[in-house]
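We number each residue from 1, following the sequence as shown.
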Amino acid sequence: MDPTHRASDEYGQGHDRSGGDPGHRRPSRESGGADFGPGTPQQVRVVQLTAGDLLLTVNPVDGSEVEACPPGSGPAAPVRRTPAERADHERAGAPPVPAGPPAPQLPLLEREEERERLVGLLARGRSVRLTGQAGSGRTALLAAVAADCADLAPDGVVRLNGRGRTGADLLHALFDTVYKAPSHRPDRDELLALVRSIGAVVTVDDLEIGGTALDELLAATPECAFLLAATPDVTTPVVDAHLEEVLLAGLGRGASLALLEKVVERSLTEEERNWAGDLWFESEGLPLRFVQAGSLLVQRDRMRAGPEAFDEYDYFEPRADDAPPAPAPPAAEALDVPLPSLGEGAAPAVLLASRLSEAARATLRFAVALGGEVPHQAHLPALVGDTHADAALGELAGCGLLSPAGPRYRLAAGVLAQLAAAGYEDDAAAQARTAAQHYAWWASHPSVTPERAVAEADAIVASLTRLVPGDEAGAASAAVLLARSASPAFAAGLGWGAWERALRIGQEAARIAGEVAEEAYFHHELGVLALCTGNPDRARTELETSIGMRGALADKSGAVAGRRALALVADRSGDFAPVGRTSSGDEVPMVRQDAPGTPPGGFPAAPVFPRQPAEEQPTVVSSLPAGPAARKGPGRAVLGGARRNLAAAGAGAVLIAVLGTVVTLGVTSGGGDEPGSRNVTTEQTATEDPADDGLPAEKPEDGSVPAGETTGGETSSTPSASESASPSTSGSPSPSSSTSDGTPPGTDDPTDDGSSSPSEPTPTKTSPRPTETDSESPDPTPSESESESPDPSPTPTDDTPPPPPQGSSSASGPVESASAPESGAATDPAA
């Protein structure tokens, strides 16, 4: 039978339950279970938040995008939390209550002197550093002192955890506790201004910073009194730090025995007292050792009552509140269960774990694989594979194998080393990979909020640390998947310390696995993070690396996101140079021409090149030095490089064509000129015409009249035939035109009688002072027609115009006339 179109009476179903058509299949509730076509894609969680004056859009697909906050859309000013909001915030940051029977509340023994001293110092505004060994009861003492100092400061008491936190992380945690600023992370300056006004008693447990970092933390919060709990191996503060040092020693013999009786909830026998005395001497009175030793005695009592007691799941069910404590069984009926040895009492983790449930031991294996971090109890059923595995956290906490660490639990001091030595670390790689796969699915699920992901950040980062670097197959790929899934959640939840650690480990894992696309993503995210935290140099390096990788992969969308962020880095760092600019020497110059309305002096113009003889090679324009000698006029451009030569040659060709056209027009119109017109030599410049090529006219010297202008103020638009027939001098060329009285300016003898004529020119010595046109044009190569004495050329009549130039320039001067033909080149047969 067709499974898609079944009969109406199949399985006793005459119609669809939804009341629709009997032949219509009921759609699947799964997103990917549609009959035709792909399923509905999972929505990408895109979150926008502000970091200082930047708008950060966390995009898990192509990478986060950052831009300047648009005007008027900046974040609202942070406001202080109300007492009710402070209580809710502290409750959310406390470790969860373990499932199972409640643990007994242990008293604080032999700590009254230290407690009073700490409260007195904090009341006077002094900061204190409490130093004690791991397991000496620092956390319990901090909790008691915080309760006593609840009303000392205006902002109350702020409880922080310093494990794996830097000074900046602690400052942001302090700000987040006192102020409410959703989706906003202040920059360094704003953060310092806000925390400076906080007046509170701040307790920091498991502090890991010291030296200069600790001094900066204290200097940034002058109105706060700190109570810092650290182990002796943490770096000591600087010498001039205003910190009081308080040492926390172990308990005395009597207090240790009293604590042991509180744990077992009965009186100790003489044998047990002797055993506890030896344990006190060996452990130096650490309270944690006696809590664990009391758990060993509790397990011994249960084993004496029934050997099968630990095989039942309901053994740890709590007794009624009104039930009396269970007395010790009579000696005649009790089984002979010896006391633990002194070594087992000093390192009881292995013996305690052997008497726990299988789910509790599996949880310990995961905790060892994660470096001591215990997953949240909500994750234990999925990790262990037991629906009742969440109760394992209560078993471990009741035995003293766990200790609170901020919003989570971790293995107590010394437990990790003891379990690793007993073989709990043999399959750590497989356990870490399983945890990584689970957290990768969980962190990317739409129902998981960024705040929940940040609360589980320590376990996630621990999974990444175990997998990278790793020699196991698939470990690096699992780490890449976890970092790719968790890092956007850390960024959106403002857990930027965990975000940075996850990105760095993910980048290393992607490099090991050879996943270039994922490595480019991590480089991009690290660049965005560095930009948001005020490190532009680091941001530029990471973004350029990401852009290069994505360009090689043809990832256009990712490369565009990287270029946008890199442009913002250049803008904020003051570097306005465009990305990928042309290297030096390859710039293409712009050819500009003057037009009506051009400012006086004009724009920088391209140089004018003289026409070369036909048999000569074209002149190559080389790079000129950028010194003062190379820039003598406002309209001179310095060219260099291959592209400059090509551009200059093209500009010269255009100008030569224009000049040739002007010369041809001048020659053909020379027949109508009057005989009395002045003679114009080839050394004169072009007339100032609005339709010319934009070259500035040369200023005449010695009061001479410019070409094309009469003495009466009238202007002649076309030179006469006599002007175009004036021969050029030989020898040293004269850069200036002749004056109206026939004396060429620039000669050594200004008192010349004017006997020189066009047919017999007088050789003159010109000064080497170049004009503007001379400096722009190279010296022409002398032709074979040059001689010591010029060959006089006949003057053409008005009826016979001179022939046009034949493509060769005159050797009489370095500059070619822009409005008259070269008479020497037209009449000299040698040319």
Check step by step if side-chain hydrogen bond (donor to acceptor under 3.5 Å, both in side chains) holds for N535 and T533. CA-CA 6 Å; N535 192 351; T533 53; over 6 Å; no
Could you give me the CA-CA distance, side-chain angles and deciding distance for H524 and L543, then say whether side chain to side chain contact (heavy atoms under 4.5 Å, CB included) is met? CA-CA 5 Å; H524 174 84; L543 290 173; 3.8 Å; yes
Please report the C-alpha distance between R452 and W442 in whole Å, then the side-chain angles of each, then the deciding distance to 0.1 Å, and finally whether the side chain to side chain contact (heavy atoms under 4.5 Å, CB included) criterion is met. CA-CA 10 Å; R452 292 179 59 190; W442 176 78; 3.7 Å; yes
Worked check of side chain to side chain contact (heavy atoms under 4.5 Å, CB included) between V145 and T203: CA-CA 9 Å; V145 173; T203 63; 5.9 Å; no
Any chance you could lay out the side chain to side chain contact (heavy atoms under 4.5 Å, CB included) test for L370 and D458, step after step, and finish with the verdict? CA-CA 9 Å; L370 300 181; D458 292 339; over 6 Å; no
If you apply the rule salt bridge (charged side-chain N to carboxylate O under 4.0 Å, His left out), what do you find for E472 with R433, and how did you get there? CA-CA 10 Å; E472 297 80 8; R433 184 173 180 179; over 6 Å; no
E223/S197 under side-chain hydrogen bond (donor to acceptor under 3.5 Å, both in side chains): CA gap, chis, key distance, verdict: CA-CA 7 Å; E223 302 297 329; S197 61; over 6 Å; no
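Look at D155 and R81 and you find no salt bridge, because none of the NZ, NE, NH1 or NH2 atoms lies under 4.0 Å from a carboxylate O. The pair R484-E518 meets the salt-bridge criterion, since a charged nitrogen lies less than 4.0 angstrom from a carboxylate oxygen. We find that E456 and R408 are joined by a salt bridge, their nearest charged nitrogen and carboxylate oxygen being less than 4.0 Å apart. In summary, E508 and R504 do not engage in a salt bridge, as defined by a charged side-chain N under 4.0 Å from a carboxylate O. Under 4.0 Å is where a charged nitrogen must lie from a carboxylate oxygen, and between D206 and R165 no such pair does. Between E373 and R466, none of the side-chain N atoms (NZ, or NE/NH1/NH2) sits under 4.0 Å from a carboxylate O, so this pair counts as no salt bridge. Classification of R564 and E67 as a salt-bridged pair fails, no side-chain N sitting under 4.0 Å from a carboxylate O.
With 3.5 Å as the limit, one finds a donor-acceptor pair spanning the side chains of T166 and D169. A donor-acceptor contact closer than 3.5 angstrom is absent between the side chains of Q48 and S183. Between the side chains of T57 and N59, no donor N or O sits under 3.5 Å from an acceptor N or O. S573 and R540 share a side-chain donor-acceptor pair at under 3.5 Å.
Looking at every heavy atom in both residues, C149 comes nearest to V157 through O-CG2, 3.3 Å. A pairwise comparison of heavy atoms in V58 and P488 identifies CG1-O, 3.7 Å as the closest pair. In plain terms, the two heavy atoms of A147 and R159 that are nearest each other are N-NH2, 4.2 Å. Here the closest heavy-atom approach between residue L467 and residue A436 is recorded as CD1-CB, 3.5 Å. Heavy-atom minimum distance, R196 versus A219: NH2-O, 4.2 Å. Residues L531 and A565 come closest through the heavy atom pair CD2-O, 4.2 Å.
Atom NE2 of H89 sits in a crowded spot, with more than 12 heavy atoms from other residues, nucleotides or ligands closer than 6.0 Å. Annotation for E544: atom CD counts as buried by contact number, over 12 foreign heavy atoms lying within 6.0 Å. Counting non-hydrogen atoms of neighbouring residues, nucleotides and ligands closer than 6.0 angstrom, the CZ atom of R80 exceeds 12 such neighbours.
Summarising the geometry, atom CG belonging to N161 is positioned 9.0 Å from atom CG belonging to L170; distances are rounded to the nearest 0.5 Å. The distance from the OG1 atom of T434 to the CZ atom of F366 is 5.5 Å, given to the nearest 0.5 Å. One distance of note links CZ of R361 with CG of L396; it measures 11.0 Å at 0.5 Å rounding.
Proximity of a side-chain donor or acceptor of E395 to a complementary backbone N or O of A360 within less than 3.5 Å is not detected.
Taking the six-membered ring where tryptophan is involved, the planes of H379 and H376 are perpendicular, since the angle between them exceeds 60° and thus also 30°.
The shortest distance between side-chain heavy atoms of P237 and R129 falls below 4.5 Å.
In summary, of the residues considered (P375, S403, P98), a side-chain contact (heavy atoms from CB on, under 4.5 Å) with Y409 occurs for P98 alone.
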